[in-house]
Each structure stands twice: as C-alpha cells, then as structure tokens.
Amino acid sequence: MLIKKRPSWAMAEADATSEHIYLNRREWLRAAGFAGLGLTTALTGVGGFAAAAVAAIEGYPAPRNMAYRLDRDITPEDDATTYTNFYEFGSSKNIWKRAQKLVTDPWMVTIDGLVETEIQLDAEDLIAKAGGLEERLYRHRCVEAWAMAVPWSGVPLANLVKLAKPKPEAKYLQMETFLDPSIAPGQKQSWYPWPYVEGLTLAEATNELAFLATGIYGKPMPAQNGAPIRLVTPWKYGFKSVKSITRFTFTDKQPVSFWEQLNGNEYGFWANVNPDVPHPRWSQKTERLLGSNKNVRTQIYNGYGEQVAGLYDGMFPNDGRKLFH
Ligand code: MTE
C-alpha cells in the first residue's frame with residue numbers, strides 16, 4: 001500500500017493491540033453533568049488524553065432502518081473502535097489515542113464544483129438539512145482481508161446530492177478529508193498525496209446503500225472512526241469510505257483517489273469487493289472477522305449485489321477486473 005515503507009496493510013495482525021475504548025466527549029460531559037451547555041472547545045478527558053470535541057449532531061441513538069440486516073454478529077464495539085485505519089494519524093491500526101487531537105466541533109463542510117450554488121455549512125446543519133439520523137447495520141470489508149459488521153448512524157448520501165443540486169454536467173462526487181499536519185502527524189509524511197481523497201460516480205453516490213455516517217454503536221462517531229462525517233459504501237473495499245470529510249466537490253472528471261495516486265495497479269477507482277479477483281499481493285477469497293478472528297468466505301459486492309450490481313452493467317466487458325481492484 002505504501003511507497004516508501006513496508007505497508008501496514010501487509011503487517012502481521014499481531015502488531016495491532018486491542019485497547020480500552022475511550023469515553024467520548026458527550027458521554028464525558030453527561031457524566032460530568034455538563035451535557036446541554038453547548039461547550040465546543042477541546043477538553044482534557046479521561047486518562048490525561050485530550051478528548052476530541054464532537055460535533056453537536058443530535059439524534060442518538062437513531063431509529064434503526066430494518067431494511068438493512070446482517071447475516072453475522074455485530075462486531076464488539078471495542079474491536080471496531082480500537083483497530084482502525086486512519087493514516088493521517090499513523091500507519092498502524094493502533095492510532096485511536098492519537099486521533100483524539102481531532103477537534104470536530106465546529107466542523108465546516110464545503111459543497112462546491114458543478115452545483116447550482118456553492119455552500120459552506122456546519123456538519124450539524126448539513127445533517128439536519130439532509131433529513132436527520134437513521135441507523136443501519138452494514139458489513140465492512142477492508143482490502144486487507146479483515147471485516148467487521150457495525151451499526152452506523154447517519155443519512156443517505158443521496159440526500160446530500162439532492163441538497164447540493166448538481167448541474168447536469170456533474171458525473172462524479174469527490175470527497176476530501178481535512179488537512180492539518182499540526183494535529184495529524186501522518187500528514188507530515190510528504191510521500192503521501194494529502195489530503196485523502198475519494199470519489200464515486202453520481203449513480204453510486206445516489207445508490208440507496210451509500211451512507212454518510214456520523215455515529216457508530218448508537219453514539220457520535222469517535223475521532224478514530226472518522227468523526228464527524230465519513231462515507232460508508234459497504235459493497236466496496238473499505239479504503240473508499242473516506243473519513244472526516246470537509247469537502248464534497250461535484251465534477252465531470254473521474255477523481256483520482258489517494259491510494260490510486262500512490263499505486264493505481266493495486267487500488268483503483270472502482271474497488272468493488274470480489275473474492276475472485278485477487279489483490280496483486282494476496283487472495284481476496286476470505287476475510288477475518290474482527291472480534292472472533294473467524295475466517296469466512298468473501299462475497300461478491302460484499303453481499304450487496306442485489307442493490308448495486310446493476311450500476312456496472314456493460315462496463316469494461318473485456319476487462320471486468322478493473323471494477324474490483
Ligand atoms: N479515510 C481517511 N481519511 N484516512 C484513512 O487512512 N482509511 C480507509 C478508510 N477511510 C482511511 C480513510 C481504510 S483503508 C479503511 S479499511 C476504512 O477507512 C477503515 O475504517 P475504520 O477504521 O472505521 O474501520
């Protein structure tokens with residue numbers, strides 16, 4: 001995955017240690033009797049770590065949308081929130097403490113490019129305008145062959161697209177993470193093409209499964225999982241699910257994503273899950289479930305073919321592999 005160093009995605013799993021989950025700011029405020037006071041500054045929280053300020057998005061726990069069910073157990077919360085990929089804070093899985101430096105309230109989001117009117121609004125406002133929170137249970141499959149199944153809270157990405165009013169020429173949606181090397185040490189590593197960028201076609205972005213998540217396990221998103229707003233596209237490898245988004249840009253050009261810029265042969269634009277197309281350096285036949293460490297077979301489109309296979313009809317008839325790297 002990396003260019004200069006051995007990729008952490010090829011690291012022994014034993015290098016990643018499990019740690020206690022941190023108390024998020026809102027819980028801490030509630031416990032300390034401050035909930036509702038609207039404090040927005042970063043606070044020094046439990047254990048001497050700076051507890052990240054969490055965007056004041058309301059509505060947790062959100063009502064569960066029963067259309068999205070799982071065929072496996074929900075991953076234990078501790079595993080999903082302490083074993084994370086967030087290269088801005090380092091290339092190991094064990095960055096959750098470091099990520100608490102991310103201050104997500106206030107969090108301004110820009111919607112620009114080929115839209116009727118460019119807008120800037122706070123994350124809280126964006127979610128309110130996009131319809132309020134619901135909860136969905138989704139599987140998540142990382143290209144490194146580990147997987148989890150978690151309850152995300154958020155809004156359909158299609159609601160943001162509607163709100164943005166893209167012009168007819170817009171064909172793609174590019175999403176970008178914050179850029180602030182003073183809090184994110186990984187962004188001082190100049191061989192990475194920061195900021196982290198990902199993209200979808202507008203057809204993908206408006207598919208019912210594409211989700212903008214603001215929370216997990218019925219609570220606001222912890223910093224390390226991509227607070228305050230991240231993408232979730234469960235039929236694609238996890239690297240598509242860009243965290244801590246600050247900009248949504250509508251464009252007529254296919255975005256070149258972060259990992260694609262680094263190594264396009266291994267991490268392409270489409271990144272749809274397919275067990276029959278191996279990564280150039282490892283098999284994608286099975287996945288290891290976080291928590292139980294059981295290995296299970298990987299499914300095409302991560303099991304979401306019914307909802308998404310039609311998006312790709314007739315594309316690349318002679319080289320369908322392009323859809324799956
Ligand atoms: N987004 C940003 N900004 N930076 C990252 O390093 N890693 C991606 C994706 N989004 C990443 C990111 C990868 S490789 C995966 S598998 C998922 O986030 C992991 O999400 P999780 O840590 O919440 O499980």
Side-chain angles (χ1 to χ4, degrees), residues 1-2 7-11 13 16 18-19 21 74-96 98-99 102 104 107 138-154 174-181 183-187 189 192-200 211-217 219-248 255 257-263 266-268 271 273 279 284 287-291 298 302 325:
M1 191 99 194
L2 312 189
S8 80
W9 291 13
M11 267 170 48
E13 299 289 2
S18 183
E19 306 218 21
I21 187 166
I74 292 180
T75 302
E77 185 175 343
D78 262 9
D79 292 291
T81 55
T82 59
Y83 184 93
T84 56
N85 270 332
F86 204 165
Y87 275 69
E88 285 81 344
F89 294 98
S91 56
S92 89
K93 299 287 183 285
N94 186 16
I95 54 77
W96 69 270
R98 230 180 279 157
L102 187 65
T104 61
W107 187 270
Y138 276 168
R139 291 184 294 277
H140 172 100
R141 170 58 155 87
C142 179
V143 74
E144 300 164 317
W146 57 265
M148 61 181 186
V150 300
W152 300 107
S153 314
Q174 176 171 308
M175 287 150 278
E176 198 177 288
T177 299
F178 70 90
L179 181 63
D180 186 354
I183 57 141
Q187 292 185 331
Q189 298 178 310
Y192 289 110
W194 306 112
Y196 197 103
V197 162
E198 261 302 344
L200 296 171
F211 201 56
L212 273 185
T214 63
I216 192 169
Y217 296 96
K219 291 175 268 191
M221 192 75 78
Q224 65 272 23
N225 291 99
I229 299 189
R230 68 171 288 172
L231 178 66
V232 182
T233 44
W235 72 100
K236 291 181 178 283
Y237 290 116
F239 65 88
K240 271 274 150 188
S241 296
V242 43
K243 295 180 170 180
S244 305
I245 303 172
T246 54
R247 182 181 294 270
F248 295 84
S257 56
F258 179 82
W259 291 112
E260 194 182 0
Q261 281 189 61
L262 280 165
N263 190 346
E266 298 194 353
Y267 310 103
V273 175
H279 182 277
Q284 296 291 24
E287 60 206 44
R288 179 182 62 85
L289 302 181
L290 289 193
T298 290
N302 201 21
H325 272 159

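None of the values given here were measured: they were computed from a predicted structure. Atoms within a ligand are numbered from 1 in the order they appear, just like the ligands themselves. Residues take their numbers from the sequence shown, with the count starting at 1.
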Practice task
List in chain and number order the residues that pass side chain to side chain contact (heavy atoms under 4.5 Å, CB included) with E260, two or more places apart in sequence or in another chain; answer none if no residue qualifies.
Solution key: V256, S257, F269

Exercise for the section: For atom 16 (S) of ligand 1, state which one of A99, C142, A80 supplies the nearest heavy atom. Expected result: C142

Problem - Side-chain donor/acceptor of T75 to backbone N/O of V150, under 3.5 Å - result: no

Exercise for the section: Could you tell me whether H140 approaches ligand 1 through its side chain, its backbone, both or neither, with non-hydrogen atoms closer than 4.0 Å? Expected result: side chain

Problem - Selection from F89, Y196, F258 by shortest heavy-atom distance to atom 8 (C) of ligand 1 - result: Y196

Fill in the blank from the handout: With heavy atoms and a 4.0 Å threshold, my read on which part of M148 contacts ligand 1 is side chain

Problem - Distance-only N or O hit between ligand 1 and N225, under 3.5 Å - result: yes

Handout entry: Closest non-hydrogen atom pair between L231 and I245, with its separation
Key = N-CD1, 3.7 Å

Exercise for the section: Sort out for me which residue in Y192, Y237, Y196 forms a side-chain hydrogen bond (donor to acceptor under 3.5 Å, both in side chains) with W259. Expected result: Y196

Completion exercise
Counting from 1 in the order shown, the ligand 1 atoms closer than 4.0 Å to a non-hydrogen atom of Y87 are 5 (C), 6 (O)

Fill in the blank from the handout: In ligand 1, the atoms that come under 4.0 Å of a heavy atom of T177 are 3 (N)

Problem - Residue portion contacting ligand 1 (non-hydrogen atoms closer than 4.0 Å) for W146 - result: side chain

Exercise for the section: Look at the side chain of K236 and the backbone N and O of S241, then say whether any donor-acceptor pair between them is shorter than 3.5 Å. Expected result: no

Fill in the blank from the handout: If we number the atoms of ligand 1 from 1 as shown, the ones under 4.0 Å from a heavy atom of T84 are 22 (O)

Practice task
Output all residues satisfying salt bridge (charged side-chain N to carboxylate O under 4.0 Å, His left out) with E198, sequence neighbours left out; order by chain, then residue number.
Solution key: K240

